[in-house]
Every structure is written in structure tokens, then in C-alpha cells.
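Please read through the structure below; I'll follow up with questions.
Every chain is numbered from 1 and lettered A, B, ... according to where its sequence line falls, protein lines coming before strand lines. Hydrogens, waters and symmetry mates play no part in the numbers below; they use all other heavy atoms, side chains included.
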Amino acid sequence: DVKVTQSSRYLVKRTGEKVFLECVQDMDHENMFWYRQDPGLGLRLIYFSYDVKMKEKGDIPEGYSVSREKKERFSLILESASTNQTSMYLCASRPRGRGRADTQYFGPGTRLTVL
Amino acid sequence: AQSVTQLDSQVPVFEEAPVELRCNYSSSVSVYLFWYVQYPNQGLQLLLKYLSGSTLVKGINGFEAEFNKSQTSFHLRKPSVHISDTAEYFCAVSVQAGTALIFGKGTTLSVSS
């Protein structure tokens, strides 16, 4: 069965801290994505990666960076957390094979609170 | 630029009533269309998708959607809802230029008895 896991369901951090959100998929998918979800705004793409060490900016990359050293793992990094980064963060993966027609599989999400 | 508009942010209905969640998209190229559901405190899961062929698509949990190219719409329907259908529903489009889905802002479906 398809599985995308995220390292934490809930996380509380202080302003200025460096924060790592980890995502692991066990489906050998080439493409991985990070979204943030806010009430009334839906899901907005932060970054995506189409291969190891490859990354592309999404719609709202400011204040974030990513790392993909292994195919199964895609990390989202908040270099210096701020209160406006309090949100739900969702990771997803998708195979390259059929391209844009393929389903994106989502993890359960990490609810981050920055105090 | 491509975009997805979900016309209703909240839809309250009574159990066993029919429901329609509306979705319109704008795109100058051909698209693939998706509906995802998010139950409370969970990630998103696929309800159904339109790739090509028949414009009426059936998904899980008794949901279906109809692709209407002239109206650029992909409305989600269920003839009789259950309490357990209470969730947030997202319409999404996959376009030619990128590899990520573009999501609408979501519709919260609240089913009460």
C-alpha cells in the first residue's frame, strides 16, 4: 500500500529557530512536493523536486528551503521560523511515469506552530 | 495562468440529501482534473480524477463528477450524503507546463442529522 509519512504530526517552535520537516515515501516516486495549507487559502505549493538533488520553487518559496539527498526523502527547512509560518504542512509524492495524469499521494500533515 | 475556483467555501446539508460541490477552472490548454477529500486531522486522499474519455467519472464513497469542457467545470455530486462525508473537498487541475497540482481553496461539507 502506498505510504507517505511525515516526521511529526504536531510541532511547536520559537521564533528564530531552524526547523526541519521530514517526509519519506516508500513508493519509489521521482516527484515530491511540499505544500502549506491555510484556512480559506487552500493548498499552496512551496517547493517540489523531480529527482534527487533537483528542486524547483513553487508559488511561495520565500523563507523556506528544501533538501533531497535520497529519492525517498524530501526535507523542508525553515531557516529562521517566524509566526507567519504557523500552518499545516503537507508532503506529497507522485511517480514520473504517466506524468501529470498520475495521482499525488499525500502524507498526514504536520501542524506547525511558531510562537 | 491556470486557476481553480471552488464556488462555495461551505456547504451545509442534512443527512441523505443530495449535494453538489462546484468547481470551475481556467486554462488555455488541456487539463486533467482531480477531486481530493480531507477528513479532519488527516492528509488528502483522491476521490476521483478525469483524464480523458467519458465525461462522467465515478469515484470512491459514491461520489461522481462531470467534466464539462464548454463550461470549464468539474462539479462533484453525491445523491445521498452521510454524516461520515463531513470533510473538506479540494478540486485540483494538472496543467501542461508544470508538474504540481493547482488546488482550489476548498469546500467544507458539513452533514448533519
Taking atom types as modelled and ignoring hydrogens, do the side chains of Tyr35(A) and Tyr47(A) form a donor-acceptor contact shorter than 3.5 angstrom?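 There is no such pair between these side chains.
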
Heavy-atom proximity to chain B below 4.5 Å, by part of Arg9(A):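 The answer is the side chain of Arg9(A).
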
Does any heavy atom of chain B fall under 4.5 Å from the side chain of Tyr10(A), the backbone, both, or neither of them?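 Just its side chain gets close to chain B.
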
Do you know which of Leu44(B), Asn41(B), Val4(B), Ile102(B) has the most heavy-atom pairs with chain A at a distance under 4.5 angstrom?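 It is Leu44(B).
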
Any idea which of Gln45(B), Gln38(B), Gln6(B) has the most non-hydrogen atom pairs under 4.5 angstrom with chain A? Gln38(B)

At a 4.5 Å cut-off on heavy atoms, which part of Glu56(A) comes close to chain B: side chain, backbone, both, or neither? neither

Can you tell me if Gln85(A) uses its side chain to pair, donor with acceptor, with the backbone of Gly63(A) under 3.5 Å?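 Side chain of Gln85(A) to backbone of Gly63(A): a pair is present.
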
In terms of heavy-atom proximity below 4.5 Å to chain B, should Leu43(A) be classed as side chain, backbone, both, or neither?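 Contact with chain B: backbone and side chain both.
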
Proximal component of Tyr36(B), with respect to chain A [non-hydrogen, under 4.5 Å]: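 For Tyr36(B), the side chain is the part near chain A, not the backbone.
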
Step by step, would you call Glu79(A) with Ser65(A) a side chain to side chain contact (heavy atoms under 4.5 Å, CB included)? CA-CA 7 Å; Glu79(A) 295 290 342; Ser65(A) 62; 3.1 Å; yes

Enumerate, atom names and distances included, each donor-acceptor pair closer than 3.5 Å involving a side-chain atom of residues 51-64 of chain B, sequence neighbours excluded.
from: Ser54(B); atom 1: OG; to: Leu56(B); atom 2: N; distance (Å): 3.3
from: Ser54(B); atom 1: OG; to: Leu56(B); atom 2: O; distance (Å): 3.4
from: Lys58(B); atom 1: NZ; to: Glu64(B); atom 2: OE1; distance (Å): 2.8
from: Asn61(B); atom 1: ND2; to: Tyr39(B); atom 2: OH; distance (Å): 3.2

Quick check: does any side chain N or O of Ser49(A) sit under 3.5 Å from a backbone N or O of Asp51(A), one acting as donor and the other as acceptor?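 Checked: pair present.
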
Report all side-chain donor-acceptor pairs from residues 11-20 of chain A shorter than 3.5 Å, counting only partners two or more places apart or in another chain.
from: Thr15(A); atom 1: OG1; to: Leu115(A); atom 2: O; distance (Å): 2.7
from: Glu17(A); atom 1: OE2; to: Arg14(A); atom 2: N; distance (Å): 2.7

